[in-house]
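Below is one structure, written out as structure tokens; the observations come after it.
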Amino acid sequence: MLTRIDHIGIACFDLDKTVEFYRSTYGFEVFHTEVNEEQGVREAMLKINETSDGGATYLQLLEPVNDESTVAKWLAKNGEGVHHIAFGTPDVDADAAAIGGKGVRVLYEEPRRGSMDSRITFLHPKDCHGVLTELVTSAPEPPAEH
Ligand code: MC0
């Protein structure tokens, strides 16, 4: 069952400048940063609020780390902006199977590693009314700020 908006992914050309915009304009601070080589991104997670399912909602700022990155390709075509939305679930495997059974293309056979050791998969945007949609199960230990 999808229980929250886990994050909204925002593609940007310069992560440091974009982080500074969100800090100075809205007061949002960085909760976590990492490079995810498999996904081809450097990212900053800005925690917006805790949620009633024990999780949280973040803004995820994404900068590509190489030209092959899906985010680099997207930026070249669209410029900066909202890249995807991610729903949180306690069981990404079950939800991916259930949604796949409804005819929506699930992009990974098995969930992969996402931000803060979460397990993630994606749904094809062409099957989701133009929205690249991610499903996320957070790591069992609540992430510490770093
Ligand atoms: C592509 N399309 C999108 C889109 N990306 N539509 C809406 N939102 C997006 N983000 C559209 C294109 O405009 C195109 O439509 C069609 O989908 C095919 O796209 P393409 O540019 O030809 O590229 P493909 O087919 O090679 O790849 C698209 C696909 C890919 C969605 C399969 O981007 C993918 O696998 N994405 C999932 C992984 C990902 O994005 N990782 C980065 C975030 P037209 O009409 O022109 O044919 S990593 C992340 O978020 C992790 C770290 C985390 O949350 O923890």
Side-chain angles (χ1 to χ4, degrees), residues 2-93 95-96 99-100 103-146:
L2 308 180
T3 55
R4 67 178 182 278
I5 293 176
D6 184 274
H7 65 265
I8 295 167
I10 297 168
C12 62
F13 291 113
D14 184 322
L15 185 63
D16 298 334
K17 278 191 186 156
T18 310
V19 161
E20 179 51 23
F21 171 81
Y22 278 87
R23 193 198 61 74
S24 61
T25 310
Y26 307 119
F28 296 144
E29 299 289 347
V30 173
F31 180 79
H32 172 86
T33 57
E34 68 178 77
V35 173
N36 186 325
E37 293 286 353
E38 183 184 27
Q39 294 290 339
V41 294
R42 186 164 81 93
E43 61 173 65
M45 297 295 272
L46 316 183
K47 194 179 201 172
I48 307 302
N49 61 288
E50 312 274 347
T51 53
S52 58
D53 61 358
T57 298
Y58 302 86
L59 290 182
Q60 181 186 61
L61 307 180
L62 298 161
E63 176 194 78
V65 293
N66 57 56
D67 292 344
E68 288 74 49
S69 162
T70 55
V71 173
K73 194 171 171 185
W74 191 86
L75 277 167
K77 187 173 170 187
N78 302 287
E80 296 183 311
V82 174
H83 177 261
H84 66 271
I85 184 167
F87 297 120
T89 165
D91 190 345
V92 63
D93 300 270
D95 281 309
I99 293 168
V104 174
R105 277 169 288 172
V106 178
L107 296 181
Y108 303 151
E109 216 153 283
E110 292 293 331
R112 297 184 186 174
R113 187 190 164 281
S115 188
M116 299 182 283
D117 285 332
S118 58
R119 297 178 69 243
I120 62 169
T121 195
F122 286 91
L123 310 176
H124 201 289
K126 293 294 177 189
D127 296 346
C128 302
H129 295 267
V131 179
L132 176 61
T133 304
E134 181 180 341
L135 308 179
V136 183
T137 296
S138 301
E141 287 298 311
E145 194 166 347
H146 62 288

How long is the gap from [atom1] on [X] to [atom2] on [Y], to the nearest 0.5 Å?
{"X": "Leu46", "Y": "Tyr22", "atom1": "CG", "atom2": "OH", "value": "8.0 Å"}
{"X": "Ile120", "Y": "Arg112", "atom1": "CD1", "atom2": "CZ", "value": "8.5 Å"}
{"X": "Phe13", "Y": "Glu80", "atom1": "CZ", "atom2": "CD", "value": "5.5 Å"}
{"X": "Glu63", "Y": "Ser69", "atom1": "CD", "atom2": "OG", "value": "10.0 Å"}
{"X": "Thr121", "Y": "Ile99", "atom1": "OG1", "atom2": "CD1", "value": "9.5 Å"}
{"X": "Ile10", "Y": "Leu59", "atom1": "CD1", "atom2": "CG", "value": "5.0 Å"}

Taking every non-hydrogen atom, the tightest pair across [X] and [Y]:
{"X": "Val136", "Y": "Ala86", "result": "CG2-CB, 3.8 Å"}
{"X": "Leu123", "Y": "Cys128", "result": "CB-SG, 3.7 Å"}
{"X": "Ala11", "Y": "Val71", "result": "CB-CG1, 3.8 Å"}
{"X": "Asp53", "Y": "Gly55", "result": "OD1-N, 2.9 Å"}

Taking [Y]'s backbone N and O only, do any of them form a donor-acceptor pair with [X]'s side chain (distance below 3.5 Å, no angle check)?
{"X": "Thr57", "Y": "Ile5", "value": "yes"}
{"X": "Asp127", "Y": "Arg105", "value": "yes"}
{"X": "His7", "Y": "Gly9", "value": "no"}
{"X": "Asn36", "Y": "Arg113", "value": "yes"}
{"X": "Ser118", "Y": "Met116", "value": "no"}

Would [X] and [Y] pass as an ion pair if we require N to O under 4.0 Å?
{"X": "Glu20", "Y": "Arg23", "value": "yes"}
{"X": "Asp14", "Y": "Arg42", "value": "no"}
{"X": "Asp93", "Y": "Arg119", "value": "yes"}

Flag side-chain contact, heavy atom, 4.5 Å: [X] against [Y]:
{"X": "Val41", "Y": "Val65", "answer": "no"}
{"X": "Thr137", "Y": "Pro90", "answer": "no"}
{"X": "Phe28", "Y": "Ile48", "answer": "yes"}
{"X": "Asp95", "Y": "Leu2", "answer": "yes"}
{"X": "Thr133", "Y": "Pro125", "answer": "no"}

Scan side-chain atoms only and decide if [X] and [Y] contain a donor-acceptor pair under the 3.5 Å cut-off.
{"X": "His83", "Y": "Gln60", "answer": "no"}
{"X": "Ser115", "Y": "Glu43", "answer": "yes"}
{"X": "Thr89", "Y": "Asp91", "answer": "no"}

Worksheet entry | Leu107 atom CG, over 12 foreign heavy atoms within 6.0 Å |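 Atom CG in Leu107 is packed in, count exceeds 12.
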Worksheet item: What class does the angle between the rings of His84 and Phe122 fall in, given that below 30° is parallel, 30 to 60° is tilted and above 60° is perpendicular?
Response: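 If you compare the ring of His84 with that of Phe122, the planes turn out perpendicular.
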Fill in: Asp6 vs Ser138, side-chain contact (heavy atoms from CB on, under 4.5 Å): CA-CA, chis, key distance, verdict
CA-CA 9 Å; Asp6 184 274; Ser138 301; 4.0 Å; yes
Practice prompt. Test Met45 against Glu34 for side-chain contact (heavy atoms from CB on, under 4.5 Å), laying out the working first.
Written response: CA-CA 9 Å; Met45 297 295 272; Glu34 68 178 77; over 6 Å; no
